[in-house]
A.B. asks: 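This structure is in structure tokens; I'll ask about it shortly.
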Amino acid sequence: MIKLGVNVDHIATLREARKTFEPDPVFAAVLCELAGAQSITVHLREDKRHIQKRDVELLRKIIHVKLNLEMSTSIEIVAVAQDIIPDQATLVPEKRQEITTEGGLDVVAKYSKIKKTISTLKRKKILTSLFINPQLKQIDASKKAGADAIEIHTGQYANATDPKRQKLELEKISKAATYAHHKGLIVNAGHGLNYENVIDILKIDFIEELNIGHSIISRAVFVGLPQAVREMKQRMKIR
Ligand code: PXP
């Protein structure tokens with residue numbers, strides 16, 4: 001069965017709206033773990049708009065499932081990762097103006113910087129993953145740069161409303177997953193997935209883990225976080 005990683009940034013976004021102590025993403029992560037999440041993802045952005053260093057430090061101490069830290073290649077954030085040592089670091093592109101991560105990392109264009117960051121993280125025995133669009137040239141560059149894993153950006157698929165376009169995007173993801181798997185990379189995927197569009201993603205071979213945030217946290221507002229996580233896990237059983 002494909003594993004579920006829950007992204008709890010959205011809980012921190014709510015907290016930061018008031019710059020207060022609640023709701024606490026660390027508390028949320030514990031509830032997700034108890035409900036069956038197999039990893040917890042947080043993105044420590046350079047502008048600290050949601051997750052704070054304190055959250056990552058506490059998560060490192062408290063959760064027992066995999067801690068996946070999404071991050072840029074900035075010196076400051078890489079130093080935090082070297083200090084806290086998450087189980088996995090996922091390098092993502094970061095822009096100040098964006099609402100959420102907009103596209104995959106351009107590993108081809110930023111090859112040297114990414115390769116250097118990967119080796120810095122690997123010296124601390126942190127598993128490294130690159131968040132990329134489903135393009136073979138990005139997979140080749142990821143492998144060459146020394147990444148252990150990739151996370152395929154499913155945003156284009158999630159945003160597509162026309163069934164033909166959805167099919168096309170699914171085919172791209174499927175082709176990329178097969179290609180990366182045969183290159184020896186661990187294949188994960190995520191972004192924009194919800195209780196409906198996840199179904200077709202589950203049919204794709206070689207994906208090991210899905211990272212889902214917004215949809216689970218949105219549902220949690222109405223049904224509670226443990227229930228929202230359990231419902232997603234239930235969906236993922238159909239594979
Ligand atoms: N994977 C990555 C690399 C992301 O940046 C995000 C969003 O923070 C997600 C997965 C989860 O996306 P969503 O919140 O749309 O489920």
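Count residues from 1 along the sequence. Since this is a predicted model, take the numbers as computed values, not measurements. When a ligand or atom number is given, it counts from 1 through the structure's own listing order.
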A.B. asks: Thr90: heavy atom below 4.0 Å from ligand 1, yes or no?
C.D. replies: no

A.B. asks: If you group Ile, Leu, Val, Met, Phe, Trp and Tyr whenever their side-chain heavy atoms sit less than 4.5 Å apart, what else falls in with Leu127?
C.D. replies: Ile186

A.B. asks: Judged on heavy-atom distance to atom 7 (C) of ligand 1, which of Glu94, His191, His10 sits nearest?
C.D. replies: His191

A.B. asks: Identify, by atom number and element, the atoms of ligand 1 in contact range of Asn211, meaning under 4.0 Å from any of its heavy atoms.
C.D. replies: 10 (C), 11 (C)

A.B. asks: If you measure only the distance, is there a donor-acceptor pair under 3.5 Å linking the side chains of Gln38 and Lys66?
C.D. replies: no

A.B. asks: Taking distance alone, with no angle check, do His43 and ligand 1 share an N/O pair under 3.5 Å?
C.D. replies: no

A.B. asks: Between the side chains of Asp106 and Tyr111, is a donor N or O closer than 3.5 angstrom to an acceptor N or O?
C.D. replies: no

A.B. asks: Would Glu70 count as a polar contact of ligand 1, with the cut-off being nitrogen or oxygen pairs under 3.5 Å?
C.D. replies: yes

A.B. asks: Is Gly192 in polar range of ligand 1, meaning some N or O pair under 3.5 Å apart?
C.D. replies: yes

A.B. asks: What pairs of donor and acceptor atoms, side-chain ones from residues 144-151 against any protein atom, are under 3.5 angstrom apart with sequence neighbours left out?
C.D. replies:
from: Asp148; atom 1: OD2; to: Thr128; atom 2: N; distance (Å): 2.8
from: Asp148; atom 1: OD2; to: Thr128; atom 2: OG1; distance (Å): 3.0
from: Glu151; atom 1: OE1; to: Asn211; atom 2: ND2; distance (Å): 3.1

A.B. asks: Could you tell me how the ring of His153 sits relative to the ring of His191: parallel (under 30°), tilted (30 to 60°) or perpendicular (over 60°)?
C.D. replies: tilted

A.B. asks: Using a strict 4.0 Å cut-off to heavy atoms of Ile212, name the atoms of ligand 1 that fall inside it.
C.D. replies: 16 (O)

A.B. asks: Looking only at distance, does Val92 have an N or O less than 3.5 Å from an N or O of ligand 1?
C.D. replies: no

A.B. asks: Give a yes/no verdict on whether any heavy atom in Ser215 is under 4.0 Å from an atom of ligand 1.
C.D. replies: no

A.B. asks: Can an N or O of Glu151 be found at a distance shorter than 3.5 Å from an N or O of ligand 1?
C.D. replies: yes

A.B. asks: May I ask you to list the atoms of ligand 1 that are less than 4.0 angstrom from any heavy atom of His214?
C.D. replies: 13 (P), 14 (O), 16 (O)

A.B. asks: Can you check salt bridge (Lys or Arg N to Asp or Glu O under 4.0 Å) on Arg54 and Asp24, steps first, answer last?
C.D. replies: CA-CA 11 Å; Arg54 162 264 185 211; Asp24 194 319; 2.8 Å; yes

A.B. asks: Is NZ or CZ of Arg15 both nearer than 6.0 Å to the six-membered ring centre of Phe21 and within 45° of the ring axis?
C.D. replies: no

A.B. asks: Is the shortest side-chain N to carboxylate O distance from Glu208 to Lys3 below 4.0 Å?
C.D. replies: no

